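Below: the structure, in structure tokens.
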Amino acid sequence: MRVLSSEVKDNVGKTVHIEGWLHKKRLLGGLTFINVRDRRGLVQVVIQDKDEVEKLRGLQIGTVLSVDGQVKEEPRAPGGAELHDAKLTVLVPVEAEPPIEIDKPLSHKPDNLDTLFEHRVLGLRNLQESKIFKIRSELVHYIREFMFKHEFVEIHTPKILAGATEGGAEVFKVDYFGTEAVLAQSPQFYKQIMTGVFERVFEIGPAYRAELSATTRHVSEVTMLDIEMGFIDAHEDVLDMVQDMTYYVLTKIYDQYAAELKSLNAPDLVLKEEFPRYTVAEVHEMYGKANNVDLSKEKDLIPAEERWICDYAKKQEGCEAVYVTHFPVEAMKFYHMVNPDDPTTVMWGDLLFRGLEIATCPQREHHYDKLVEQMKKAGLDPEHPGYKYYLQAFKHGLPAHGGCGFGIDRLVEKTIGLANVKEAILFPRDINRLTP
RNA sequence: GGGCUCGUAGUGAAGUGGUCUAUCACGCCUCCCUGUCACGGAGGAGAUCGCCGGUUCAAAUCCGGUCGGGCCCGCCA
């Protein structure tokens, strides 16, 4: 019966059987320490028998083995207990030397990221690396927790589509049994359709962007949290929901994973329950004044503004997450709702965290006639199979609704304080990486 | 797509015309070591300095090209 690393300390005095990977050898002459890694962590094993030590000669980190030994309470051991009188069984001998460090922190300097990803398969066994993805897993877990608590239904929508979805982002074309299809750049249309079924839906899944972007914040395959909620009274309902969700997951991860975040040098969390909200025009003006430039003609925020406003809000308001609202109509997509009180702006807010756009949270135009009108104005064909079925949902009644596209990779990146979104992705895909 | 920038053992770095027959650390191999936990000590192997061409008496170092990265901008989330 296998005992896991975290259970060893509960078995003092007993002989236990552990299984895992050889993670570290320290030979001190008559005494050898080895660390065995399993899914919970590490166990220290003390070996004095020369024949047992000899079993590991020539075997590298990564060797799969089992150890039978007696658990001794030992204050000098990590975790307070360790295995003695160990009998080793090598299950999978590994003679190949790992091409990258497994037991010491890996370089995340920009120039070394290529090596980091090239040796990703083994580098992920590094405990510092795997910590990133454990935190990622838990963040997603807390997101689901929040969404279910608020009666959202998790959905899964197709990623192979008949035609262009939203416009804007470039799409990947694929051959679909002889006809041309595209990879979904977002579940936009399907999640809106699904508000007609469940009112509140969310999806966590991949989205594909074919942009030729080479920056620290872009990849070709992203993991998005898409939320859509119906029967909203105002756009603020959407902003509040996404804000509360973000507050919930961030405060919870900082509480539950404090030690891990600290060991990854994550910055301290500076967050308030109510995120400061600024309009695009306000940010342009504030940033312009502070930096002596005129950005009033810009339709979107420039990256430097995103960094600046988060920094500003952190210092002035004690919150490093902010909303930027009232985007100009020039930037709108056909399915956005124009602000009824000011037709020059759109009911659209972006969530920024630690200097980066994390989510975009607009209200949708839910009136069929108005939507078709906006489509035509944008030069789109309502009869195209990419739009026809989408419009059907509106024709048969969708309530006022809105939602967000929320970048999970960027959330993980910024939560941990990584410098490049790719570091938060197991096997990142970018303009020049398709493997591993 | 535009601009800038980088490329030296498996990994991370130093070296910016000669003293480089290329240095250091980690990892690897051999040996010593009974409380290590980034163990310590002695020794060893491992690099045609991304590639091609040029300048020069002399190139890891300067120049041009090329290939491969990175960062910023644009686009976008």
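Residue numbers start from 1 in every chain, and the chains themselves are labelled A, B, ... in the order their sequence lines are given, proteins ahead of strands. These numbers were taken from a predicted model, which means no experiment stands behind them.
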(request) Specify the residues of residues 12-31 of chain A, ordered by number, for which at least one heavy atom lies under 4.0 angstrom from an atom of RNA chain B. (result) A:Lys24, A:Arg26, A:Leu27, A:Leu28, A:Gly29, A:Gly30, A:Leu31
(message) Is it the case that the ring center of A:Phe406 lies less than 6.0 angstrom away from the ring center of A:Phe353?
(response) no
(message) Need to verify one output field. Residue with the more 5' nearest nucleotide on RNA chain B, A:Gln44 or A:Ile100?
(response) A:Ile100
(request) Kindly point out which of B:G70, B:A38, B:C37 is positioned nearest to the side chain of A:Lys104? (result) B:A38
(request) If B:U16 has a Watson-Crick or G-U wobble mate with both distances under 3.5 Å, name it; if not, just say none. (result) none
(message) Over all strands shown, is A:Pro78 touching base, sugar-phosphate only, or nothing at heavy-atom distances under 4.0 angstrom?
(response) base
(message) Students often get this wrong, so: under 4.0 angstrom with heavy atoms, is A:Ala214 touching a base, only sugar-phosphate, or nothing?
(response) base
(request) Between A:Asn35 and A:Leu301, name the one whose nearest nucleotide on RNA chain B is closer to the 5' end. (result) A:Asn35
(request) Give one of base, sugar-phosphate or nothing for A:Asp300, where a contact means two heavy atoms less than 4.0 Å apart. (result) nothing
(message) Within the 4.5 Å heavy-atom criterion, are A:Leu42 and A:Val36 side-chain neighbours or not?
(response) no
(message) With rounding to the closest Å, how many angstrom separate the P atoms on B:U55 and B:G64?
(response) 15 Å
(message) Students often get this wrong, so: under 4.0 angstrom with heavy atoms, is A:Val421 touching a base, only sugar-phosphate, or nothing?
(response) nothing
(request) State whether the side chain of A:Thr415 and the backbone N or O of A:Leu411 hold a donor-acceptor pair below 3.5 Å, judged by distance alone. (result) yes
(message) So for A:Glu82 and B:G35, does any side-chain atom that can act as donor or acceptor lie under 3.5 Å from a complementary atom in the base?
(response) yes
(request) Could you check which nucleotide pairs with B:A60 in any of the strands shown, counting Watson-Crick or G-U wobble with both distances under 3.5 Å? (result) none
(message) Using OP1 and OP2 only, check whether a side-chain N or O of A:Thr215 sits under 4.0 Å from B:C71.
(response) no
(message) Whole angstroms only, please: what is the CD-C1' distance between A:Glu298 and B:C76?
(response) 14 Å
(request) State which residue, out of A:Arg364, A:Arg200, A:Gln363, fulfils the side chain to side chain contact (heavy atoms under 4.5 Å, CB included) condition with A:His401. (result) A:Arg364
(message) Can you tell me which nucleotide in B:G27, B:C75, B:G69 comes closest to the side chain of A:His218?
(response) B:C75
(message) Rounded to whole Å, please give me the gap between CD in A:Gln60 and C1' in B:U11.
(response) 14 Å
(message) Less than 4.0 angstrom between a side-chain N/O of A:Asn432 and OP1 or OP2 of B:G70, yes or no?
(response) yes
(message) For a quick check of understanding: with a heavy-atom distance under 4.0 Å over all strands, which category does A:Ala77 fall into, base, sugar-phosphate or nothing?
(response) base
Could you write out each protein N or O paired with an N or O of nucleotides 44-49 of chain B at a distance under 3.5 Å?
none

(message) Could you tell me how far B:C4 sits from B:A45 if I compare only their C1' atoms? Round to whole Å.
(response) 40 Å
(request) Determine the interplanar angle of the A:Tyr208 and A:Phe172 rings, folded into 0 to 90°, and report it as parallel if under 30°, tilted if 30 to 60°, perpendicular if over 60°. (result) perpendicular
(message) Can a donor-acceptor pair be found, under 3.5 Å and without considering hydrogens, that links the side chain of A:Gln374 to the backbone of A:Phe334?
(response) yes
(message) Taking 4.0 Å as the cut-off, does a side-chain nitrogen or oxygen of A:Asn112 come that near to OP1 or OP2 on B:A13?
(response) yes
(request) Provide the Watson-Crick or G-U wobble partner of B:G10, both distances under 3.5 Å; none if there is no partner. (result) B:C26
(request) Take A:Leu59 and A:Val94 through the side chain to side chain contact (heavy atoms under 4.5 Å, CB included) test and state the conclusion after the steps. (result) CA-CA 5 Å; A:Leu59 297 185; A:Val94 173; 5.9 Å; no
(request) Sticking with atom P, work out how far B:G50 lies from B:U11, rounded to a whole angstrom. (result) 13 Å
(message) Please report the distance, rounded to the nearest Å, between CD in A:Glu211 and P in B:C75.
(response) 10 Å
(message) Going by purine N1 to pyrimidine N3 plus the second Watson-Crick contact, or the G-U wobble pair, all under 3.5 Å, which nucleotide sits opposite B:C51?
(response) B:G65
(message) Parallel, tilted or perpendicular: which one describes the rings of A:Tyr312 and A:Trp308, with boundaries at 30° and 60°?
(response) parallel
(request) Classify the ring geometry between A:Phe148 and A:Phe202 as parallel (under 30°), tilted (30 to 60°) or perpendicular (over 60°). (result) perpendicular
(message) Is it the case that the base of B:U11 and the side chain of A:Glu101 share a donor-acceptor contact (distance under 3.5 Å, atom types as modelled)?
(response) no
(request) Take atom C1' in B:A38 and the same atom in B:G27, then report the distance between them in whole Å. (result) 12 Å
(request) To the nearest Å, give me how far apart CZ (A:Arg76) and C1' (B:G35) are. (result) 5 Å
(request) Could you tell me whether the phosphate oxygens of B:C71, OP1 or OP2, come under 4.0 Å of any side-chain nitrogen or oxygen in A:Arg217? (result) no
(message) Whole angstroms only, please: what is the CD-P distance between A:Glu74 and B:U36?
(response) 10 Å
(request) Determine the Euclidean distance between corresponding C1' atoms of B:U8 and B:G2; express it in Å to zero decimal places. (result) 30 Å
(message) Considering every strand and a 4.0 Å limit on heavy-atom distances, what is the contact class for A:Pro98: base, sugar-phosphate, or nothing?
(response) nothing
(request) Using the P atom as the reference point in each nucleotide, state the distance between B:A60 and B:G7 in Å, no decimals. (result) 15 Å
(message) Heavy atoms from C-beta onward define the side chain here; which of B:C28, B:C72, B:G1 lies closest to that of A:Glu97?
(response) B:C28
(message) Distance check needed: B:U11 P versus A:Asp114 CG, whole Å only.
(response) 11 Å
(request) Look at the side chain of A:Thr216 and the base of B:C71, then say whether one donor and one acceptor between them are separated by less than 3.5 Å. (result) no
(message) With rounding to the closest Å, how many angstrom separate the P atoms on B:G54 and B:A59?
(response) 12 Å
(request) Quick one: label A:Asp111 by what it contacts on the DNA or RNA (base, sugar-phosphate, nothing), any heavy atom closer than 4.0 Å. (result) base
(request) For nucleotides B:G46 and B:C29, find the distance between their C1' atoms and express it as a whole number of Å. (result) 11 Å
(message) Exactly one of A:Lys191, A:Lys159, A:Arg144 should register a salt bridge (charged side-chain N to carboxylate O under 4.0 Å, His left out) with A:Glu203. Which one does?
(response) A:Lys159
(message) Between A:Glu236 and A:Arg277, is the side chain to side chain contact (heavy atoms under 4.5 Å, CB included) condition met? List the steps.
(response) CA-CA 11 Å; A:Glu236 278 65 35; A:Arg277 296 178 188 185; 3.9 Å; yes
(request) Measure from the side chain of A:Thr115, starting at C-beta and using heavy atoms only, and say which of B:G70, B:C73, B:G12 lies closest. (result) B:G12
(message) Among A:Glu129, A:His23, A:Gln60, exactly one meets side chain to side chain contact (heavy atoms under 4.5 Å, CB included) together with A:Ile102. Which residue is that?
(response) A:His23
(request) Scan A:Arg57 against the nucleic acid and name what it touches under 4.0 Å (heavy atoms): base, sugar-phosphate only, or nothing. (result) sugar-phosphate
(request) Grab the CD1-C1' distance between A:Ile102 and B:G10 for me, whole Å please. (result) 12 Å
(request) Identify the heavy atoms of A:Ala86 and A:Val46 that sit nearest to each other, and give their distance. (result) CB-O, 4.1 Å
